[in-house]
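What's counted below: heavy atoms across the whole structure, side chains too, no hydrogens, waters or symmetry copies. Please read all numbers here as calculations on a predicted model, not as lab measurements. Letters A, B, ... mirror the listed sequences (proteins, then strands); counts begin at 1.
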Amino acid sequence: MPTRMSHLFVRTLREDPADAEVESHKLLVRAGYVRRQAPGIFAWLPLGLRVKARVEAIIREEMERAGSQEVHFPALLPREPYEISGRWTEYGDNLFRLHDRKDADYLLAPTHEEVFTLLVKDLYNSYKDLPLSIYQIQDKYRDEARPRAGILRGREFTMKDAYSFDIDDEGLGISYQAMRDAYERIFARLGIEFVIVKADAGAMGGSRSEEFLAPSPIGEDTFVRSPGGYAANVEAVTTPAPPAISIEGLPAPVVFDSPNTPTIDTLVALVNDRHPREDGIAWTAGDTLKNVVLALIHPGGRRELVVVGLPGDREVDLKRAEAAFGPAEVEPATELDFAKHPGLVKGYIGPWSPAGAVLGAESVTGIRYLVDPRVVAGTSWITGANENERHVLGLVAERDFVADGIADIADVRAGDEAPDGSGPLELARGIEIGHVFQLGRKYADVLGLKVLDENGKLVTVTMGSYGIGVTRIIAVIAEAHRDDRGLVWPQSVAPFDIHIVSTGKDEQVYSEGERLAGEFEKRGCDVLLDDRVKVSPGVKFGDAELIGVPIVVVVGKGLVDGVVELWDRAAGTRNRVPLGEIVDAVVALRS
RNA sequence: CGGGGUAUAGCGCAGCUUGGUAGCGCGCCUCGUUCGGGACGAGGAGGUCGGGAGUUCGAAUCUCCCUACCCCGACCA
């Protein structure tokens, strides 16, 4: 039986909802796929549910093909596992917390690493049981500070999350690759353009992690790519260090007065005026060393000041800093911080002063000093002398000052060289639709997931976690597959395969629509039939275009000539087709 | 959490400056006409004007407080 527009639970809207900003959000609401219930929380109507079911079906097929088995955990979970892993506190305000009648703590799970790990621990204890890959499709809850763009970033969202369990790193690598391959197939089938980028492994340390991003101007992630194939989230870009320079024969540092040089620009102007380079080339901002004071707030609340030295033509990228210093939070130092550290002369901070080392573990302040990777041994800098209105020229790294380490947190710019030498980087925005991650033993360690190996020794299992944002994907597809009249779904996820529009006052257009629907269904197609009488053609056409079934068959005025009209929404074509050929024509379009 | 904005019928909005008993379009219901691009006529249903307090003879409109939501940033599949 076809689904009839006369009965379908839907109301299309003529105007854009006032609270929608991005096109996918407007269209999904206007076409009657979803309705907002609360900020970032949506109800799914029949059309939306059908799309969601088809997306999920594709994911399930490819997960099974990759050897993963489906399970299902509750969204509502007790506090304990998250307490053990530390996330009860780490997740902070983003966690939806609630209490049962006995006042025990519960949460709406933001992700399920803990309970997956614990269930495997419960059931398995031998290397013979591994490798194992299990997944679920489940709603997740995160109390986002700011939900955005409809279902693109909600507080409730559906996610496919998979976890792999292996006895050793080699096994993890194989499991990871299998999942990565599956993701490529899934996104290809969904009709999503994507790039795979190196992701920030964050506090987990050296683990391999990649994100699948759908390039989009409304994306919240910035990534880079090079002509030679390098691609990374901007947070994960590593800056290549130039070769060290011999310090032999470099002139000694010169301290000079530098009144009224509150900015890098004014400093550069003053230096060019009073201390021009001997080779006649002008000094630039890149010749200065800017020392930025940051406050790190460590888990538990300890506040630590660090100073980061970077070329004066660069800014600190706070996102990159968060990634580099995680799990600590990063913020610019406040007046209060400066007050507590009188050794720092604001505006003239530098690692060195005529009195000796200012920054670094061995210095008078003891403040940790980290430098940009470009600040290699032998490079010479103009920087603050740590005395009021005085700078120093020719301060040489590794000769005049020593850093405690590297901090790769300067902003990444278009034109920067890729770390693998594959050419200049370009920047773009993307929406994160999937993430594959070699977790390693982080969760297995804290939750005690160990198995006996073939020598009878207990070994900790190594894990991977792999996520796909199911509801987010629907927004991404809607964003990419539309025209100025409405949605245009890829065939693989469309709510119906064919939309038949019967229009006209002649009863025959309705009986013929019914008959055609039956014909298409015999060919295995899901059919939406617009059988509404007393609805004008314009309304029916408008609804069909808004709803976005990719193939529309119009049974109308052409019927007296034995002709119907076939719309191919994706191609933008409309062709008159003899009634006897329409089934084959549609089948041809669908293959 | 910082900045900006909005809140009046199911949806989109006007009315507020200059207080006087609530309005437009769409949608919805009835009847008739119409039927290939969001038709037409006639009739109708539907609103504690976000909440509270105040000023006033009288408040959607003026004052104060609160709340919710949206957008931009900070934060995250």
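- If you take atom C1' in B:G73 and the same atom in B:G47, they sit 37 Å apart, rounded to whole Å.
- Side chain to side chain, A:Tyr163 and A:Ser133 fail the donor-acceptor criterion of an N or O pair below 3.5 Å.
- Taking the P atom of each, B:A9 and B:C1 are spaced 29 Å apart, rounded to whole Å.
- When the P atom of B:G36 is taken as reference, atom CH2 of A:Trp567 falls 13 Å away, rounded to whole Å.
- In this model, a donor atom of one side chain and an acceptor atom of the other lie less than 3.5 Å apart for A:Glu210 and A:Tyr176.
- Nucleotides B:C72 and B:C13, compared at atom C1', are 24 Å apart to the nearest Å.
- Partners of A:Tyr135 according to the ring pair (Phe, Tyr, Trp, His ring centres under 6.0 Å) rule, which considers only residues two or more places apart in sequence or in another chain, do not exist here.
- Pair check for B:A77 finds none; no Watson-Crick or G-U wobble contact set falls under 3.5 Å.
- B:G38 is unpaired under the criterion used here, namely a Watson-Crick or G-U wobble arrangement in which both key atom distances are under 3.5 Å.
- Side-chain contact between A:Asp561 and A:Arg576: present, with at least one pair of heavy atoms (C-beta onward) separated by less than 4.5 Å.
- Of the two residues near RNA chain B, A:Pro17 and A:Val563, the one whose nearest nucleotide lies more 5' is A:Pro17.
- With hydrogens and angles left out, the side-chain atoms of A:His112 and A:Gln136 include a donor and acceptor closer than 3.5 Å.
- With a 3.5 Å ceiling on both atom-pair distances, B:A14 lacks any Watson-Crick or G-U wobble partner.
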note = Each nucleotide of nucleotides 70-77 of chain B classed B (base within 4.0 Å of a protein heavy atom), S (only sugar-phosphate) or -, in 5' to 3' order, makes SSBBBBBB
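- To the nearest whole angstrom, the two C1' atoms, one in B:G15 and one in B:G23, are 7 Å apart.
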Between the protein and nucleotides 25-28 of chain B, are there any N/O to N/O pairs under 3.5 Å, and if so, what are the atom names and distances?
| residue | atom | partner | partner atom | Å |
| --- | --- | --- | --- | --- |
| B:G25 | N2 | A:Glu15 | OE1 | 3.1 |
| B:C26 | O3' | A:Arg14 | NH2 | 3.4 |
| B:G27 | OP1 | A:Arg14 | NH2 | 3.2 |

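- Taking the P atoms as reference points, B:C24 lies 15 Å from B:G46, given to the whole Å.
- Here the nucleotide nearest the side chain of A:Lys505, chosen from B:A39, B:C35, B:G37, is B:C35.
- Side-chain atoms of A:Pro17 and A:Arg30, non-hydrogen and from C-beta on, do get closer than 4.5 Å to each other.
- Spacing of C1' atoms, B:C70 relative to B:C64, comes out at 25 Å, to the nearest Å.
- Whole-Å rounding puts the A:Phe541 CZ to B:A39 P distance at 12 Å.
- Comparing the P positions of B:C26 and B:A39 gives a spacing of 10 Å, expressed to the nearest Å.
- Under 3.5 Å, the side chains of A:Tyr443 and A:Glu113 contain no donor-acceptor pair of N or O atoms.
- Checked against B:G36, B:A39, B:G38, the side chain of A:Thr12 finds its nearest nucleotide in B:G38.
- Nucleic acid contact class of A:Arg30 (heavy atoms, under 4.0 Å, all strands): base.
- Pair check for B:U63 finds B:A53; Watson-Crick or G-U wobble, both atom distances under 3.5 Å.
- Within the 4.5 Å cutoff, no side-chain heavy atoms of A:Val292 are placed close to those of A:Val307.
- Defined by atom type and a distance below 3.5 Å, a donor-acceptor pair is present between the side-chain atoms of A:Lys160 and A:Tyr183.
- Without hydrogens or angle criteria, A:Asp483 side chain to A:Gly486 main chain gives a donor-acceptor distance under 3.5 Å.
- Using C1' as the reference atom, B:U8 and B:A59 are 14 Å apart when rounded to the nearest Å.
- In this structure, A:Arg485 atom CZ and B:G36 atom C1' are separated by 13 Å, rounded to whole Å.
- Atom CZ of A:Arg532 and atom C1' of B:U34 are 17 Å apart (whole Å).
- Both distances falling under 3.5 Å, in either a Watson-Crick or a G-U wobble arrangement, occur for no nucleotide opposite B:G27.
- Not a single donor-acceptor pair, N or O on each side, falls under 3.5 Å between the base of B:G12 and the side chain of A:Asp16.
- With a cut-off of 3.5 Å on both pairing distances, B:A9 has no Watson-Crick or G-U wobble partner at all.
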key: Evaluation steps, side-chain hydrogen bond (donor to acceptor under 3.5 Å, both in side chains), between A:Asp139 and A:Thr158   = CA-CA 4 Å; A:Asp139 290 342; A:Thr158 306; 2.7 Å; yes
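- The residue A:Val554 sits close to a base: some heavy atom pair falls under 4.0 Å.
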